[in-house]
Structure formats: C-alpha cells, structure tokens
Amino acid sequence: MSVSDLHDAVLDWYAEAQRDLPWRRPDCSPWGVFVSEVMLQQTPVVRVLPVWEEWMARWPTPADLAGVASGEAVRAWGRLGYPRRALRLHAAATAMVERHDGEVPSNLVDLQALPGVGTYTAAAVAAFAFGIRVPVVDTNVRRVHARAVTGVEHPAPSLTRAESDLAASLLPDSESEARLWNVGVMELGALVCTARGPRCDDCPLLGRCAWVLAGRPAYDGPPRRGQKWAGTDRQVRGRIVQLLRESDEPVSRAEVEKVWSDEIQRERCLDGLVADGLVEPMSDNRFRLPA
DNA sequence: GAGTCGTGGGA
DNA sequence: TTCCCAAGACT
C-alpha cells in the first residue's frame with residue numbers, strides 16, 4: 001500500500017461525505033475561519049454553529065469585535081464553555097488591529113503569537129484560511145493516525161514527537177491535496193473513526209487499518225484522567241459568569257452569594273475570575289462583565 | 001508536565 | 001445514572 005493510495009481513499013471519501021459547514025465555504029473570510037477554530041476548541045460543532053453565525057453577523061471583521069468591550073464578547077459567547085476563550089478572541093482581534101492592519105495574519109509564527117492560539121489553531125487557520133501546506137493535528141487526526149497507521153485504539157494522552165513526525169510524513173506534497181487531506185482526516189475522525197463506537201463499516205480505510213487488521217486490540221495505555229465537575233471551582237466559576245452574563249445590569253454581592261453557599265470557595269472563585277479579567281468589580285460592591 | 005479551565009449530550 | 005468526551009491553550 002502506498003501513501004498515495006491512502007490519500008486517494010481519504011480524499012474520495014471526503015468528497016462524498018463532508019459536512020456543509022459555513023466556515024468551510026469558499027466565501028468564508030479568514031476571520032470567520034479564525035473564530036470557528038477558537039470556538040471549536042473542546043466544543044462540539046452543533047453547539048458552535050448558531051453562536052458562530054451570530055458572531056459573524058455582529059462582528060464581520062476583527063476591527064468590529066475589537067471595537068466593543070470584552071464583556072460583550074463574553075456575553076455573546078453564551079454557553080459554549082471556557083469563557084476565557086471569548087476574552088482571548090477579543091484580545092486577538094485587538095492585536096490584529098494593532099499589529100496586522102486589522103487582518104488575520106497568514107503565517108504560523110504571527111498566528112501562534114496571538115492570544116488563545118496554540119500549535120493546533122495556528123496550523124488550522126494557516127491551512128484552512130490561507131491554503132498553507134502544514135500538518136494540522138487535532139484529537140481527531142491523532143486518533144485516525146493511531147488506529148489506521150500505528151494500530152492502537154487511542155493516541156497517547158499528549159501529542160508526542162513521533163505523532164508529529166508521522167503527521168508530517170503523511171502530508172501530501174501539493175498544497176491543494178494537503179488542504180483536503182487535513183480536513184478530510186479530521187472529518188473522518190469526527191464522523192467515522194470516533195472515540196467511542198467507531199463506524200468501521202463506513203470507513204474508507206477499513207481494509208488497511210492497522211488497528212482493525214490487528215484484531216482491534218483494546219487500549220492498554222495509561223488511564224486518561226476523568227475531569228471532576230460537581231463541587232469544583234469550575235462549577236462555581238461557571239455559575240458566577242452565567243449570573244453576570246444573563247443580567248442586563250451589574251449584580252450585587254448578595255446576588256453572587258446566592259449561587260454558591262461555601263463562602264471560602266465562592267470568594268476564591270470570584271477573585272480568580274477578576275484576576276482572569278472575566279469579572280469586573282465596581283466601587284459600589286457590585287460586579288459585571290468587563291466594560 | 002501535570003492541572004486547570006465550562007458545558008451539554010450521548011452511550 | 002454515571003461516565004466520557006468534543007477542531008486545546010496556558011501555567
């Protein structure tokens with residue numbers, strides 16, 4: 001089996017099975033791609049779609065977002081989760097206005113220098129918005145590579161050098177095929193080669209998947225850490241931000257106290273939110289999203 | 001490098 | 001019901 005055959009299999013499958021997502025359309029701006037990538041960090045597509053549409057209508061350019069208070073971004077973020085992403089998106093838009101003539105930078109170094117942009121997001125924007133030939137490695141891609149090539153059910157907890165090297169070696173030579181390969185492998189991981197209950201019968205790589213050919217051996221790596229939720233600071237922070245987000249005017253300390261009874265934890269979280277820039281304390285002992 | 005950081009839906 | 005996890009970034 002050649003790598004070229006692998007490319008053809010994925011590209012043919014993608015041409016037929018791809019979802020029609022607005023940020024993939026040819027008329028979508030780099031800014032639209034950028035916003036989608038930040039929103040999609042750890043958040044499912046179906047939940048991002050309506051919020052993305054709203055943001056694009058309201059803030060069609062980086063300058064539009066940079067021109068409003070950061071708290072407006074947090075409010076419009078809704079319930080996507082990890083609201084610091086909204087803050088960083090606003091900061092990134094500001095940086096684009098100040099350093100890049102109001103445009104999304106088109107190279108990896110400048111992209112990754114933006115707030116909230118790491119290795120993955122920089123590569124994704126470079127590849128999908130500007131057609132640059134660079135490996136895009138997210139959790140979906142890592143899983144497809146782990147199964148189809150390495151022959152294991154799940155990739156390591158964090159990205160390894162071997163995985164990066166593998167992704168680079170699999171990238172097609174041409175820019176056009178590289179772009180389709182990146183989005184195609186990602187789509188395959190999202191729709192078919194899923195974390196739980198993979199739909200191997202629908203997979204274009206079924207006949208050559210190393211994991212399937214090995215008899216689908218069970219995962220035997222280190223146990224992945226499950227994230228606690230009930231009673232954690234994250235839950236408390238979420239409630240406080242939700243309270244401010246859903247209030248049209250600043251809220252009193254008494255209102256904040258009602259969302260969590262443990263005073264020590266509540267105050268710690270409130271202080272943390274202020275330090276993060278997600279909450280703004282006012283002189284009259286009320287709180288609001290940053291103005 | 002391990003921990004932290006939201007939210008909601010499906011298995 | 002409980003658990004897992006969904007296009008990560010940052011410290």
Side-chain angles (χ1 to χ4, degrees), chain A residues 18-19 21-24 32-52 74 77-89 91-92 111-129 134-145 153-161 163 167 179 182-191 193-199 219 222-246 259 265 268-269 272-273 275-279:
Chain A
Q18 64 176 290
R19 289 169 292 181
L21 301 174
W23 45 83
R24 285 183 184 162
V33 174
F34 186 91
V35 171
S36 78
E37 290 300 338
V38 175
M39 288 184 171
L40 287 164
Q41 292 167 2
Q42 302 286 282
T43 304
V45 166
V46 290
R47 213 176 309 164
V48 165
L49 279 167
V51 182
W52 183 87
V74 175
W77 195 250
R79 304 184 68 84
L80 288 183
Y82 294 146
R84 288 188 294 189
R85 289 183 294 162
L87 226 43
R88 290 170 181 155
L89 202 34
L111 280 167
Q112 201 166 341
L114 296 170
V117 178
T119 305
Y120 163 75
T121 302
V125 173
F128 303 145
V134 56
V136 179
V137 184
D138 76 327
T139 186
N140 291 306
V141 172
R142 295 182 63 214
R143 189 172 52 251
V144 172
H145 289 175
E153 185 178 16
H154 296 294
S158 58
L159 183 67
T160 65
R161 175 59 186 274
E163 287 181 79
R179 193 192 72 78
N182 278 325
V183 69
V185 174
M186 196 177 302
E187 189 78 333
L188 187 61
L191 299 182
C193 194
T194 52
R196 287 179 296 182
R199 305 166 56 183
Y219 176 72
R224 48 183 51 191
R225 59 185 190 281
Q227 297 182 356
K228 301 287 187 187
W229 173 246
T232 61
D233 284 5
R234 296 166 70 192
Q235 181 180 22
V236 180
R237 288 168 55 104
R239 285 192 183 183
I240 294 173
V241 172
Q242 179 182 7
L243 174 68
L244 300 191
R245 202 171 52 220
E246 295 175 351
V259 306
Q265 185 177 23
R268 178 177 68 239
C269 289
L273 288 168
D276 289 345
L278 279 166
V279 172

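What's counted below: heavy atoms across the whole structure, side chains too, no hydrogens, waters or symmetry copies.
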Please list, in numerical order, the residues of residues 232-243 of chain A that have a heavy atom closer than 4.0 Å to any atom of DNA chain B. D233(A), R234(A), R237(A), G238(A)
In the structure I gave you, are the side-chain heavy atoms of R237(A) and R84(A) within less than 4.5 Å of one another anywhere? yes
Which part of the nucleic acid does P83(A) contact within heavy-atom distance under 4.0 Å: base, sugar-phosphate only, or nothing? sugar-phosphate
Does R268(A) reach a base, just sugar-phosphate, or nothing at all? Heavy atoms under 4.0 Å. nothing
Using the side chain to side chain donor-acceptor pair (under 3.5 Å) criterion, which residues pair with R161(A)? Sequence neighbours excluded. D165(A)
Take atom P in dA7(C) and the same atom in dC5(B), then report the distance between them in whole Å. 23 Å
How far apart are the C-alpha atoms of R196(A) and E153(A), what are their side-chain angles, what is the distance that settles it, and do they pass the salt bridge (Lys or Arg N to Asp or Glu O under 4.0 Å) test? CA-CA 10 Å; R196(A) 287 179 296 182; E153(A) 185 178 16; over 6 Å; no
Rounded to whole Å, the CG-P distance (L114(A) to dC10(C)) equals 10 Å
At what distance, to the nearest 0.5 angstrom, does CG of L191(A) lie from CZ of R19(A)? 4.5 Å
Atom CZ of R84(A) and atom P of dG8(C) are separated, to the nearest Å, by 16 Å
What integer number of Å spans the P atoms of dA9(C) and dG9(B)? 25 Å
Identify which nucleotide among dC10(C), dC5(B), dG6(B) has an atom closest to any side-chain atom of R85(A), counting heavy atoms from C-beta outward. dG6(B)
Short side-chain N/O contact from R245(A) to OP1 or OP2 of dT7(B), under 4.0 Å: yes
For R239(A), salt bridge (Lys or Arg N to Asp or Glu O under 4.0 Å) partners two or more places apart: none
For S158(A), which contact category applies under a 4.0 Å heavy-atom criterion: base, sugar-phosphate, or nothing? nothing
Over all strands shown, is T119(A) touching base, sugar-phosphate only, or nothing at heavy-atom distances under 4.0 angstrom? sugar-phosphate
Got L89(A) and F34(A) here, is their nearest side-chain heavy-atom distance under 4.5 Å? yes
By the 4.0 Å heavy-atom rule, please label V117(A) as base, sugar-phosphate, or nothing. sugar-phosphate
Side-chain heavy-atom pair L49(A), V45(A) within 4.5 angstrom cut-off: yes
Under 4.0 Å, counting only non-hydrogen atoms across every strand here, what does W77(A) touch: a base, just sugar-phosphate, or nothing? nothing
Return the value, rounded to whole Å, for the distance between atom CG of L87(A) and atom C1' of dC10(C). 14 Å
Take atom CG of L80(A) and atom P of dA7(C), then tell me their distance rounded to the nearest Å. 15 Å
Write down the distance between CG (L244(A)) and P (dG6(B)), rounded to a whole number of angstrom. 13 Å
Using atom names, set out every protein N or O paired with an N or O of nucleotides 2-6 of chain C below 3.5 Å, distance rounded to 0.1 Å.
unit_1 : atom_1 : unit_2  : atom_2 : d
dC4(C) : O4'    : R196(A) : NH1    : 3.3
dC4(C) : O2     : R196(A) : NH2    : 3.1
dC5(C) : OP2    : R224(A) : NH1    : 3.4

What integer distance in Å separates M39(A):CE from dC5(B):P? 22 Å
Please measure how far the C1' atom in dG1(B) lies from the corresponding atom in dG8(C), and state the result in whole Å. 16 Å
Classify the nucleic acid contact of G118(A) as base, sugar-phosphate or nothing, counting any heavy atom under 4.0 Å across all strands shown. sugar-phosphate
Expected list for residues 116-129 of chain A: side-chain donor-acceptor pairs under 3.5 angstrom, two or more places apart:
unit_1  : atom_1 : unit_2 : atom_2 : d
Y120(A) : OH     : E37(A) : OE1    : 2.7
T121(A) : OG1    : Q41(A) : NE2    : 2.9

Please state how far atom NZ in K228(A) lies from atom C1' in dT7(B), giving the value in whole angstrom units. 18 Å
State whether the side chain of R85(A) and the backbone N or O of G81(A) hold a donor-acceptor pair below 3.5 Å, judged by distance alone. yes
Looking at every heavy atom in both M39(A) and V48(A), which two are closest together, and how far apart are they? O-CG2, 3.5 Å
Using heavy atoms to find the nearest nucleotide of DNA chain C for L21(A) and Q112(A) separately, return the residue whose nucleotide is more 5′. L21(A)
Those residues that, when tested against T160(A), pass side chain to side chain donor-acceptor pair (under 3.5 Å) (two or more places apart): E163(A)
Nearest whole Å is fine: how far is dA7(C) P from L49(A) CG? 14 Å
